[in-house]
Amino acid sequence: MFLKFKSEVESVLKKALDASGYQIDDLHIEESAHADLASSLSFRLASEYRQSPAAIADVIADAITIPKDSLVGDVQTVGAYINFFASRKFIDDTVHEIFEKKKRYGTGSGKGKVIIEHTSANPNGPLHVGHIRNSIIGDTLARILKTAGYDVEIQYYVNDMGRQVAIVAWAMDRFEFDGQKKADHAIADVYIRANRELGEDPDLVCQIDELMQGIERGDAEMIERFSSATDLAVSGITSTLKRMNVHHDRFVHESMFVKGGEVSALVGELKELGLTEMADSALVVPMPTFDKDLVILRSDQTSVYVTRDLAYHRWKAEQCDRMIDVLGADHKLISNQLCYVLSACGVKEPEIVIFEFVSLPEGSMSTRAGKFISADELLDEVEKQALIEVTKRRPDAEEDFRNHVAKEVGIGAVRYDIVKVTPEKATTFDWESALDFDKLGAPFIQYSHARACSILRKASHVPESIDPARLSGDAEISFVKELARFSYVIDLASRELKPHIVAIYARELAEEFNQFYRLSPVLSAPDDVRDARIGLVECARIVLASTLGVLGIAAPESM
RNA sequence: GGGUCCGUGGCUUAGCCAGGAUAUAGCGCCGGCCUUCUAAGCCGGACGUCCCGGGUUCGAAUCCCGGCGGGUCCGCCA
């Protein structure tokens with residue numbers, strides 16, 4: 001509804017400009033604390049037309065005519081600003097729309113297929129608290145895009161051919177594998193040990209090289225060793241992701257592109273296109289804008305990660321309209337190089353979402369060195385703390401209930417905490433803040449939802465239809481306006497690929513609901529407004545649940 | 001050394017790309033509100049050289065230039 005309101009504001013403003021003889025391309029319409037939408041275009045017209053900004057604003061405002069049944073209700077000027085206010089119809093239509101569409105309210109009209117790749121952590125250990133920033137950003141983006149109307153496929157690219165996997169395969173034979181442990185953690189144990197040993201005795205490194213040549217040749221026994229190791233790790237990773245409500249539709253193994261010939265075909269084409277050169281005995285693509293050449297075949301003619309990644313992207317590009325990769329900041333250069341080569345051979349480039357690193361107070365994390373906090377450990381601790389918090393508040397509740405709520409609140413807190421900050425900010429993990437349930441986060445929003453549900457339970461029935469005209473208090477009106485922003489926020493977040501926009505909206509929505517909750521009693525209201533307010537609470541429940549759903553956070557009916 | 005991202009009250013953070021009206025919110029701090037729809041809530045208060053210096057502009061947290069500080073990358077690793 002807000003989008004429609006905005007376009008109506010644009011239209012009346014444009015007409016008024018024509019009528020009053022001013023010309024400007026950008027209308028400078030923005031959200032404002034002083035109005036539902038405001039324009040500051042008078043400032044820019046002032047110098048060109050040699051008139052005072054305020055005078056121009058008045059002339060334009062006078063020339064504005066609002067059509068009947070418009071979503072625009074009123075126009076006022078304050079100095080040079082032209083302020084637009086939503087009409088009664090805007091309020092009524094919003095409420096009706098939510099009431100009719102229910103869960104589908106806010107779904108956009110995005111068209112086409114999107115393939116989004118996220119997490120794609122190497123299968124050499126469990127996910128750590130850095131990886132899950134990738135997972136949560138990626139999963140939230142996928143949910144945003146689905147809500148925006150796109151057909152979304154979510155992929156995990158499994159690096160099952162690299163040196164790190166070779167080290168894991170080597171280590172599995174050499175050291176005892178703890179079958180009692182969660183598989184990804186047990187893999188990390190032997191992987192860390194192997195790295196230590198390889199570091200101490202460099203002569204062992206040639207054994208790893210042999211494994212890698214074997215896999216490139218297509219040696220069946222070698223492939224079996226690699227894939228059994230990666231499958232184990234991936235199974236552990238998947239169960240961690242599931243705990244966090246993170247889902248992938250498809251796991252694509254990079255070995256597929258070596259076996260299937262896509263990698264060698266691509267290398268052949270790059271040669272034919274004249275994009276490659278020999279450097280020593282390796283094959284490279286010269287990079288004019290990046291100061292170093294990009295190696296795509298080692299001296300022993302085996303492919304490197306980026307070569308397979310190029311084949312993977314070409315394969316993906318054929319199947320979708322938009323391709324999105326969520327990558328850590330360390331991939332910035334290599335992904336730019338990847339895009340350069342893709343466009344040089346006529347393949348559409350992916351849209352890349354980069355997030356900055358999560359580090360520990362003592363420095364950056366490293367799976368190889370065993371310096372990391374695993375996602376499982378974090379989730380365990382957060383759930384434990386959440387149970388303490390639930391028990392504090394609901395000491396008499398059944399144990400099942402408390403456990404259930406603790407899970408929903410704990411996971412929600414982790415997801416919200418990560419998604420609420422813009423991806424380009426580097427963060428430092430610390431336990432105190434991770435386990436702090438007092439800071440405003442998911443529980444605040446979940447609690448608002450539970451409050452709405454509680455009112456609806458006590459109301460015992462939700463009216464079939466709603467008469468929004470009965471909603472007239474300031475808190476009611478501004479809450480409806482906040483509800484109306486939902487699809488606008490989804491649209492914005494899906495275009496800019498910024499999930500934190502939705503997180504911030506969720507908080508603002510909950511804040512507005514709390515204002516309504518405080519100022520407008522529902523159950524004790526006089527009969528004529530009672531039903532309308534119950535209807536509005538139902539709208540609140542729907543939109544709060546949808547917003548939490550987009551964030552991958554559970555919406556408890558009671559907590 | 002070069003590239004890139006970040007720098008906003010004690011801490012965390014929105015706004016910056018598309019410059020405008022009192023700079024967003026939380027934690028922490030001070031003071032209030034539970035016989036009234038769940039107090040994981042609400043109300044009030046204190047706390048700011050928007051890293052620094054120039055420039056552009058009627059107007060700069062926002063754009064440009066130059067610094068400073070931090071992350072990250074610059075492997076025939078992934």
Side-chain angles (χ1 to χ4, degrees), chain A residues 26 28 30 32-35 38 40-44 46-47 52-53 78-81 83 120-122 124 159 161-165 254 279-284 289-292 295-306 308-309 328-334 336 354-357 359 364 368 386 389-390 392-394 405 409 413 417 420-428 433 436-448 450-459 496 500-501 503-504 507-508 510-511 514-515 517-525 533-534 537 558-559:
Chain A
D26 187 344
H28 287 96
E30 58 220 26
S32 162
H34 310 274
S40 60
L41 87 178
S42 324
F43 283 111
R44 347 246 139 182
S47 61
S52 86
V78 177
Y81 297 95
N83 290 337
S120 302
N122 289 323
N124 55 6
N159 302 155
M161 287 202 61
R163 181 161 218 97
Q164 306 182 23
V165 187
E254 62 171 343
D280 300 322
S281 41
L283 189 70
V284 303
T289 46
F290 314 95
D291 39 343
K292 274 184 185 129
V295 174
I296 58 169
L297 288 183
R298 300 186 183 96
S299 312
D300 63 5
Q301 303 311 299
T302 55
S303 61
V304 292
Y305 170 80
V306 73
R308 292 167 235 138
D309 207 17
D330 54 338
H331 285 70
K332 234 179 260 185
L333 175 62
I334 194 73
N336 280 333
I354 294 285
F355 67 94
E356 292 289 331
F357 265 53
S359 55
S364 52
R368 184 180 6 192
E389 301 288 338
V390 179
K392 218 187 316 184
R393 293 167 175 95
R394 302 288 297 269
V405 172
V409 165
D417 207 33
K420 75 173 182 200
V421 350
T422 175
E424 55 240 22
K425 223 138 189 165
T427 61
T428 304
S433 148
D436 179 6
F437 283 82
D438 288 329
K439 69 173 178 235
L440 181 144
F444 172 78
I445 301 151
Q446 291 173 312
Y447 185 69
S448 304
R451 274 180 153 180
C453 290
S454 172
I455 293 175
L456 293 170
R457 264 195 307 276
K458 294 203 167 149
E496 304 202 348
H500 77 283
I501 295 176
I504 287 157
R507 187 201 79 210
E508 289 170 348
E511 275 170 358
N514 281 324
Q515 290 309 307
Y517 184 93
R518 177 169 70 98
L519 298 166
S520 307
V522 177
L523 300 177
S524 61
R533 286 186 183 167
I534 291 171
V537 174
S558 176
M559 62 186 271

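Only heavy atoms go into these numbers, but all of them, side chains included; no hydrogens, no water, no symmetry mates. Just so it is clear: chains get the letters A, B, ... in the order the sequence lines come, proteins before strands, and each one is counted from 1.
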key: Nucleotide-resolved protein contact map, nucleotides 73-78 of chain B, B/S/- at heavy-atom distance under 4.0 Å   = SSSBSB

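At the heavy-atom level, A/Ala38 lies under 4.0 Å from base atoms of the strands shown. In this structure, A/Thr428 reaches neither bases nor backbone, as no heavy-atom distance under 4.0 Å exists between it and the strands shown. Using a 4.0 Å heavy-atom distance criterion, A/Asp417 is classed as making no nucleic acid contact. Within 4.0 Å of A/Ser32, counting heavy atoms only, lies at least one base atom of the nucleic acid. Backbone-only engagement by A/Gln515 is indicated by non-hydrogen atom pairs under 4.0 Å involving sugar-phosphate atoms exclusively. Contacts of A/Ser359 with the nucleic acid, taken as non-hydrogen atoms under 4.0 Å apart, are absent. Within 4.0 Å (heavy atoms only), A/Phe43 reaches at least one base atom of the nucleic acid. Across all strands shown, A/Val390 has heavy atoms under 4.0 Å from base atoms, whether or not it also approaches the sugar-phosphate. Looking at heavy-atom distances under 4.0 Å, A/Glu356 makes contact with a base. Residue contacts shown for A/Ile504 are limited to sugar-phosphate atoms, with no base heavy atom under 4.0 Å away.
Using a 4.0 Å cut-off, no side-chain N or O of A/Thr427 falls inside it from OP1 or OP2 of B/U12. One finds a side-chain N or O of A/Tyr517 lying less than 4.0 angstrom from the OP1 or OP2 phosphate oxygen of B/A39. The phosphate of B/G41 has neither OP1 nor OP2 within less than 4.0 Å of any side-chain N or O from A/Asn514. Residue A/Arg44 has no polar side-chain atom (N or O) positioned under 4.0 Å from OP1 or OP2 of B/G59. Contact annotation: A/Arg393 side-chain N/O to B/A40 OP1/OP2 distance is under 4.0 Å.
Comparing A/Ser42 and A/Arg457 by the nucleotide of RNA chain B that holds the closest heavy atom to each, the one mapping nearer the 5' end is A/Ser42.
For the C1' atoms, the distance linking B/C34 with B/A39 amounts to 6 Å, nearest Å. One P atom belongs to B/C58, the other to B/G26, and the distance between them is 38 Å to the nearest Å. A gap of 30 Å separates the C1' atoms of B/C47 and B/C5, to the nearest Å. Separation of the C1' atoms belonging to B/U13 and B/U4 is 23 Å when rounded to the nearest angstrom. For B/C50 and B/G10, the P atoms lie 12 Å apart once the distance is rounded to whole Å. Only the C1' atoms considered, B/C68 is 27 Å distant from B/U24, to the nearest whole Å. B/C29 and B/C11 have their P atoms separated by 16 Å, given to the nearest Å. For the P atoms, the distance from B/C76 to B/C63 is 36 Å, rounded to whole Å.
A donor atom on one side chain and an acceptor atom on the other are found under 3.5 Å apart for A/Arg451 and A/Asn514.
B/U4 is paired with B/G71 under the criterion used here, namely a Watson-Crick or G-U wobble arrangement in which both key atom distances are under 3.5 Å. Checking B/A60 for Watson-Crick or G-U wobble geometry (two distances, each under 3.5 Å) identifies no partner in any strand. The base-pairing partner of B/C11, taking Watson-Crick or G-U wobble contacts with both distances under 3.5 Å, is B/G26. Pairing of B/C37, defined by two Watson-Crick or G-U wobble distances under 3.5 Å, is not identified with any nucleotide.
Counting distance only, with no hydrogens placed and no angle test, the side-chain atoms of A/Thr422 and the base atoms of B/A14 include no donor-acceptor pair under 3.5 Å.
Closest approach to the A/Val409 side chain among B/A40, B/G7, B/G19 is made by B/A40 (side chain taken as heavy atoms from C-beta onward). Nearest nucleotide to the side chain of A/His34, out of B/U38, B/A21, B/A40: B/A21. Picking from B/A40, B/C37, B/G19 the nucleotide with the shortest atom distance to the side chain of A/Val522 gives B/C37.
The two residues A/Ala525 and A/Arg533 make their nearest non-hydrogen contact at CB-NH1, 3.8 Å.
One atom, CD of A/Glu424, and another, P of B/U13, lie 12 Å apart when rounded to the nearest Å. Atoms CG (A/Asn83) and P (B/A21) sit 12 Å apart, rounded to a whole Å.
The closest donor-acceptor contact from the side chain of A/Arg393 to the backbone of A/Glu389 lies under 3.5 Å. Remark: the backbone N or O of A/Met161 is paired with a side-chain donor or acceptor of A/Glu254 at under 3.5 angstrom. Listed for the A/Lys420 side chain is no donor-acceptor partner under 3.5 Å among the backbone atoms of A/Gly441.
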Between the protein and nucleotides 25-32 of chain B, are there any N/O to N/O pairs under 3.5 Å, and if so, what are the atom names and distances?
{"unit_1": "B/G26", "atom_1": "O2'", "unit_2": "A/Leu440", "atom_2": "N", "d": "2.8"}

